[in-house]
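Taking it in order: structure first as structure tokens, then the write-up.
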Amino acid sequence: MIPLERYPKEISLRDDARVVLRPMIPEDADGLWSFLRQLPEIDKAHFHEDVDRREEVDRWAKSLDYEAVLPILAIRGDRVVGTVTLYRNKTGWKQRIGIVRILIAPDHRHLGLGTAMIREIRHLGEKVALNYLLAEVIEEQQAAVRALERMGFEKTGVYRNFVNDRKGHLHNLVVLLHPMSGLEK
Amino acid sequence: MNCPVCGAEHFSVPGGGKAAPAGERLCPYQGVPYTGLRAGHDQIYFGRWRRIDASTIDLRRAYHQLERLLNGIAVALETEDIPAARSDLGKAVEALHTAGPGEDGPEALRYLDHALSYAHRVIGDLLHEKGLPPHSPADFAGWYDAGEVPFREDW
Ligand SMILES: CC(C)(COP(=O)(O)OP(=O)(O)OC[C@H]1O[C@@H](n2cnc3c(N)ncnc32)[C@H](O)[C@@H]1OP(=O)(O)O)[C@@H](O)C(=O)NCCC(=O)NCCS
Ligand SMILES: [Zn+2]
């Protein structure tokens, strides 16, 4: 089981705002919906779910299974201002790889929240003995590439015209890996 | 002279002007969590070894300051359960040893720089566990002779 005793965890951002980090629960559907609606199109490129449909978000909130998909929300007051999600395979050849997706509300960027969320996911990844964290970022998202690299992710490849956004336009995909300490033993 | 509060060598007033009025201890790290680690980090970060005209002595000094900083970090980590930070500390120690004491040249510089970056990340992890934002040396630049240190927007 993934250890979640550290939540809720309160942190302060660079502007002294207080934000609470905790796993998403079904009741967060409203908050998540408002969060997703304010995102610019480019930030939604990597969703395979249709996040413009409320039913889809509700379905997602109701079917939470932390052992497979663990979304950690950053909440300021009663507003969701960021998410980081750890995707895992329970069985099979990729069970020691965790896939990371991170999204911060545009008006809450550059305050250290993204970095704090990456720290959380590194911590959880260590706790469940993953060998690698993997992040996939479209090349335009240089802030994401830099934020991940600063926290120990290494760029392992760039795939040209590899993924399409929701309008069908192609983008280069940057793959980043973070080796975990279990690998060194 | 080393500051009696944080142990680092920094100006006693920001900007390096006149000394502080008698009886008044001025240290920018006073009262912040991990005073010693932050100050230890910054005196290296703003240290002479990174300048174009750095001498072998400056480098050797940075090496020993880093060694002390990493020891201090190791002690702080003993009571914390942060595996990612432990792993980064291991990498910092490895980089420091690769740089080696008394070495100079671009390779040694690069490894010292790596060791310092890892140390910075671990201090960030320690602060994060306490719910605090990462340490930002730029906030303390006025207390050092920082003119020539290249601005690193990463930090
Ligand atoms: C990537 C992302 C999560 C970063 O979140 P964030 O909260 O802004 O991250 P942080 O504040 O921790 O740090 C990142 C930025 O702050 C800057 N920063 C760091 N320290 C700073 C300081 N002391 N002062 C000012 N800025 C600073 C960094 O340089 C970086 O800036 P950049 O965007 O110019 O590279 C966010 O931009 C995002 O949601 N992007 C879109 C989604 C995405 O692409 N996700 C990746 C898919 S996995
Ligand atoms: Zn001091």
Side-chain angles (χ1 to χ4, degrees), chain A residues 3 5-22 72 74 84 86 98 100 108 110-133 142-143 145-154 178-185, chain B residues 31-34 37-38 41 45 70 73-74 76-95 97-98 110-111 113-141 150-155:
Chain A
E5 317 83 64
R6 64 194 270 109
Y7 302 112
K9 176 173 175 61
E10 197 180 27
I11 60 165
S12 39
L13 305 183
R14 221 179 272 134
D15 67 347
D16 292 330
R18 309 286 289 169
V19 164
V20 173
L21 310 181
R22 61 155 176 80
I72 303 290
V84 65
L86 181 64
V100 176
H108 277 72
H110 304 285
L111 297 176
L113 183 54
T115 301
M117 300 294 256
I118 299 170
R119 287 190 200 278
E120 285 302 311
I121 236 59
R122 282 197 335 151
H123 188 80
L124 293 170
E126 289 287 358
K127 285 288 170 191
V128 294
L130 292 175
N131 285 344
Y132 282 102
L133 292 175
Q142 280 304 311
V145 173
R146 285 173 48 187
L148 290 161
E149 283 182 333
R150 270 206 313 273
M151 289 307 296
F153 280 78
E154 289 156 24
H178 185 305
M180 308 300 280
S181 62
L183 267 184
E184 295 153 18
K185 289 182 188 126
Chain B
V32 301
Y34 296 113
L37 299 186
R38 292 186 198 238
H41 173 273
Y45 184 82
L70 299 186
I73 290 177
L77 274 181
E78 265 166 29
T79 50
E80 301 285 336
D81 175 26
I82 327 174
R86 273 194 197 169
S87 154
D88 275 342
L89 176 61
K91 289 179 195 154
V93 171
E94 201 183 305
H97 289 160
T98 310
R110 200 158 59 87
Y111 282 109
D113 207 50
H114 286 335
L116 186 61
S117 295
Y118 284 125
H120 180 258
R121 201 148 82 200
V122 179
I123 296 170
D125 278 329
L126 284 163
L127 291 167
H128 176 73
E129 286 308 293
K130 297 214 181 315
L132 296 167
H135 171 68
S136 165
D139 297 346
F140 299 88
F151 177 65
R152 307 245 315 230
E153 61 166 20
D154 291 16
W155 297 11

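Protein chains get the first letters and strands the later ones, always in sequence-line order, with residue 1 at the start of each. Values in this document were obtained by computation on a predicted structure and should not be read as measured data.
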Minimum heavy-atom separation for [X] and [Y], please, with both atom names.
| X | Y | result |
| --- | --- | --- |
| B/His128 | A/Glu120 | NE2-OE2, 2.5 Å |
| A/Arg18 | B/Gly131 | NH1-O, 4.4 Å |
| B/Pro83 | A/His123 | CD-CE1, 3.8 Å |

(Q) Quick check against the 3.5 Å criterion: does A/Arg150 have a side-chain atom that pairs as donor or acceptor with the backbone of B/Arg121? (A)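 Side chain of A/Arg150 to backbone of B/Arg121, a donor-acceptor pair under 3.5 Å: no, none is there.
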
Q) Under 3.5 Å, is there a donor-acceptor pair between the side chain of A/Ser12 and the main chain of B/Pro133? A)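 Side chain of A/Ser12 to backbone of B/Pro133, a donor-acceptor pair under 3.5 Å: no, none is there.
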
From [atom1] ([X]) to [atom2] ([Y]), nearest 0.5 Å:
| X | Y | atom1 | atom2 | result |
| --- | --- | --- | --- | --- |
| A/Glu10 | B/Lys130 | CD | NZ | 15.0 Å |
| B/Leu132 | A/Arg14 | CG | CZ | 13.0 Å |
| A/Arg122 | B/Ile82 | CZ | CD1 | 9.5 Å |

**Q.** Minimum side-chain heavy-atom gap A/Arg119-B/Pro134 below 4.5 Å
**A.**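 When only atoms from C-beta onward are counted, B/Pro134 and A/Arg119 do touch, with a gap below 4.5 Å.
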
Q. Which one of B/Leu127, B/Asp88, B/Asp125 has the most heavy-atom pairs closer than 4.5 Å to chain A?
A.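 Of the candidates given, the most pairs with chain A belong to B/Asp125.
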
Q.
Do the side chains of A/Arg6 and B/Asp81 get close enough for a salt bridge, i.e. N-O under 4.0 angstrom?
A.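 Judged by the 4.0 Å cut-off on N to carboxylate O distance, A/Arg6 and B/Asp81 do not form a salt bridge.
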
Q: Find the one option among A/Gly152, A/Gly125, A/Ala147 whose heavy-atom pairs under 4.5 Å with chain B are most numerous.
A: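 Among the listed options, the one with the most contacts to chain B is A/Gly152.
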
